[in-house]
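Reckoned from all heavy atoms, side chains included, excluding hydrogens, waters and symmetry mates.
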Amino acid sequence: MTGADYLLPLRTKLRSMRTESFGADPAGARMERIRRSPHFVDGAFQNPVGARIRPSGSTVEFAKTYFQREQRALRTPDGAVPVHPTTLADLAAPPVSGLRLTWMGHSSVLAEIDGRRVLFDPVWGERCSPFPFAGPKRLHPTPLSLAALGPVDVVVISHDHYDHLDLPTIRALAGTDTVFAVPLGVGAHLERWGVPAARMHELDWNETATVAGISLTATPARHFCGRGLRNGQHTLWASWVVAGPEHRIYHSGDTGYFPGFREIGAEHGPFDATMIQIGAYSEYWPDIHMTPAEGMRAHLDLQGGRPHGVLLPIHWGTFNLAPHAWAEPGEWTKDAGDEADQPVAFPRPGEPFEPAGILPVAPWWRALSPALAHPWRLPEEHPGADRGPAPAARGDLDLAGER
C-alpha cells in the first residue's frame, strides 16, 4: 500500500476488497425492473409485515451467550454426523410415487417431482462466507459430489445469503445446461459468475415460470438480503411453490413467521411435502427466522390449518449459525410434530425418501448430543391443551445473513 492509498475514499477502499464471492449489484434494466416492483418502496424491498433485520437486545449479553464455553460445546455434534453416502443406485430408479426428496444438508434439497429434478439452495462449499479461510464451516461433508448428482432440470434459489447462494456451487452448475429460478435481483450475482441470462427466470413475488412442464412460483417470505457490509435491500428473498401434474411442494427459504403462509396455502396448497426452515433462531432476531414451533405452525397454515403431507425440516445440522444447541432444532421439531399429529421426516443428510412411503423418523442426532431439556413442550399436566396453531415463538433469525 502506498501513501496515496490512504487518501482514497472509504467506499472506494471497501469496493476494492469486494472479491468475486460478493457477487454484483443490480443495475441497468434489472434495476429498472426492481424499481417497478410493488414490493420495492423507498429504495428497498419491503417485507410483507414489519421485521427487524438487525439483532436486537444487548450485544454484550449476546456475546456472553454465544462465546460461553459450555454453550459453544453444545453447538457442535459430539461425533461424526451419520451422512448417507448418496449413490447412483439411490437415484437411478424413478420414485415409485412420483415424488422423492433428498436433503443434502442445511437448506439444500434435491426434489424429484413428476419426472423432473429440482435442486433447492445448493451449497456444496466448505464455508458459508465470502472468504475461504473464515466463516461458518461445515459440520459434515456433502453426501455426494455435484458431478455425481446428475442432470438437474432447474436450480431454485431462495435469496442471496452465503448459506443459500454459494459461488463455487453456482460456478459448477453454470457449466451445465440447467435452468435457474431466482428472486428478482439475484440474477446479477449469477450473471457475474457465468450463468447466461437466457438460462434464468428472475421472479418477483407471485410470478410463475414454467420449466420442463413444472411451474415454479416465487411466494412471499419475511427475511432480508445482502452479501456485504452495505445492505441496500436490492435483491428479493422468496419462498417457492413447485407444482407438477401430480404433486405440489413448498420450500420456505429463510423466513420469520407471518400470516402470509395461510394465503400461500389457500392459493397453492395443500402440499404433498413442505421444506421448512427450523434452525438458526434466537431471541436476538425474532422476526426473520422461525423456531421449530413456528415452523410447525407455518406448515399447518400452508395445509389449510390441519395436519397434511410431510414436513421436512431444513436449515439445521450443517452450519453453526446461532446460539442454540446443535441438536435442539431436531428435538424441538420432533416434539412439535408429535403434539400436532403431523408426520415429520428426519432423514440423515443424503438419505432419499418418498413422502408417500415409509418416512425416516429415527432421532439420529441424539447419539451426537447430550440430553436436552425440553422447555418448549406443552405442559404434560394439561393433556387437553389447545394443539391447533403452534405456540408463539421465543424468538428467531440467522447469523449468516451478512457474511
Side-chain angles (χ1 to χ4, degrees), residues 9 11-12 14-48 53 118-122 130 152-162 164-212 214-242 251 253-255 401-402:
R11 179 172 292 183
T12 302
L14 290 174
R15 282 181 176 173
S16 70
M17 296 171 61
R18 284 172 62 94
T19 65
E20 196 169 19
S21 295
F22 285 93
D25 296 326
R30 177 176 280 113
M31 193 64 213
E32 287 304 312
R33 186 183 170 200
I34 288 170
R35 290 192 181 100
R36 293 193 300 270
S37 169
H39 310 110
F40 192 79
V41 180
D42 296 331
F45 279 114
Q46 305 295 320
N47 271 299
I53 64 173
V118 181
L119 185 59
F120 292 96
D121 282 357
V152 173
D153 292 287
V154 58
V155 173
V156 176
I157 303 297
S158 65
H159 63 297
D160 69 358
H161 287 163
Y162 290 98
H164 296 261
L165 182 64
D166 177 54
L167 168 60
T169 304
I170 298 301
R171 271 255 180 82
L173 291 167
T176 70
D177 294 328
T178 191
V179 172
F180 291 80
V182 303
L184 192 55
V186 174
H189 301 309
L190 270 61
E191 280 198 64
R192 184 180 185 190
W193 300 337
V195 178
R199 280 177 34 212
M200 277 191 280
H201 295 279
E202 201 166 346
L203 306 182
D204 202 345
W205 288 342
N206 303 312
E207 291 183 341
T208 300
T210 300
V211 177
I214 60 173
S215 67
L216 304 107
T217 303
T219 45
R222 191 186 186 202
H223 199 56
F224 69 115
C225 67
R227 293 179 71 84
L229 295 174
R230 294 181 300 114
N231 185 5
Q233 298 291 81
H234 289 171
T235 62
L236 190 58
W237 48 96
S239 57
W240 288 88
V241 170
V242 176
H251 188 284
D254 280 1
T255 180
E402 297 214 79

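Applying the salt bridge (charged side-chain N to carboxylate O under 4.0 Å, His left out) definition to pairs two or more places apart or across chains, those involving residues 32-46 are Glu32-Arg35, Arg33-Glu207. Among residues at least two apart or in separate chains, salt bridge (charged side-chain N to carboxylate O under 4.0 Å, His left out) pairs with a member in residues 165-187 are Glu20-Arg171.
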Working note: Ile170 + Leu190, criterion side chain to side chain contact (heavy atoms under 4.5 Å, CB included); need CA distance, chi angles, decisive distance, verdict.
CA-CA 7 Å; Ile170 298 301; Leu190 270 61; 4.2 Å; yes
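Panel note: side chain Gln46, backbone Phe40; no donor-acceptor pair is recorded below 3.5 Å. Remark: the backbone N or O of Asp160 is paired with a side-chain donor or acceptor of Arg227 at under 3.5 angstrom. Judged purely by atom type and a 3.5 angstrom limit, Ser215 has no side-chain atom pairing as donor or acceptor with the backbone of Thr210. When atom types are taken as modelled, the side chain of Glu202 and the backbone of Leu184 share no donor-acceptor pair closer than 3.5 angstrom. Judged purely by atom type and a 3.5 angstrom limit, Arg199 has no side-chain atom pairing as donor or acceptor with the backbone of Phe180. For the pair Arg192 (side chain) and Gly23 (backbone), a donor-acceptor distance under 3.5 Å is present. A donor-acceptor pair is defined here as one N or O able to donate and one able to accept, closer than 3.5 Å; such a pair exists between the side chain of His234 and the backbone of Gly43. In this structure, the side chain of Ser239 does not engage the main chain of Gly253 through any donor-acceptor pair within 3.5 Å.
Remark: Thr208 OG1 to Leu216 CG distance equals 8.5 Å, nearest 0.5 Å. Put simply, OG1 on Thr235 and CG on Asp25 are 9.0 Å apart, with the number rounded to the nearest 0.5 Å. Glu191 CD to Met200 CE: the interatomic distance, rounded to the nearest 0.5 Å, is 4.0 Å. Here Ser158 contributes atom OG and Leu236 contributes atom CG; the two are 10.5 Å apart, rounded to the nearest 0.5 Å. Atom SG of Cys225 is separated from atom CG of Leu165 by 11.5 Å, given to the nearest 0.5 angstrom.
Neither side chain, His161 nor Asp254, offers a donor N or O lying under 3.5 Å from an acceptor on the other. Checking Trp237 against Asn47 by side-chain atom types alone, a donor-acceptor pair falls below 3.5 Å.
Within the 4.5 Å cutoff, no side-chain heavy atoms of Leu167 are placed close to those of Phe22. The side-chain heavy atoms of Phe120 and Ile157, taken from C-beta on, include no pair separated by under 4.5 Å. Trp193 has its side chain out of reach of Ser21: every pair of non-hydrogen atoms, C-beta onward, lies at least 4.5 Å apart. Inter-residue side-chain proximity for His201 and Val154 is flagged as unmet; no heavy-atom pair is nearer than 4.5 Å.
Taking the six-membered ring for Trp and thresholds of 30 and 60 degrees, His159 and His223 have ring planes more than 60 degrees apart, a perpendicular arrangement. Using a 30° and 60° split on the angle between ring planes, Trp205 and His39 fall in the tilted class, from 30° to 60°.
For the side-chain contact (heavy atoms from CB on, under 4.5 Å) test with His251, the passing option among Val156, Asp121, Val241 is Asp121; the others fail.
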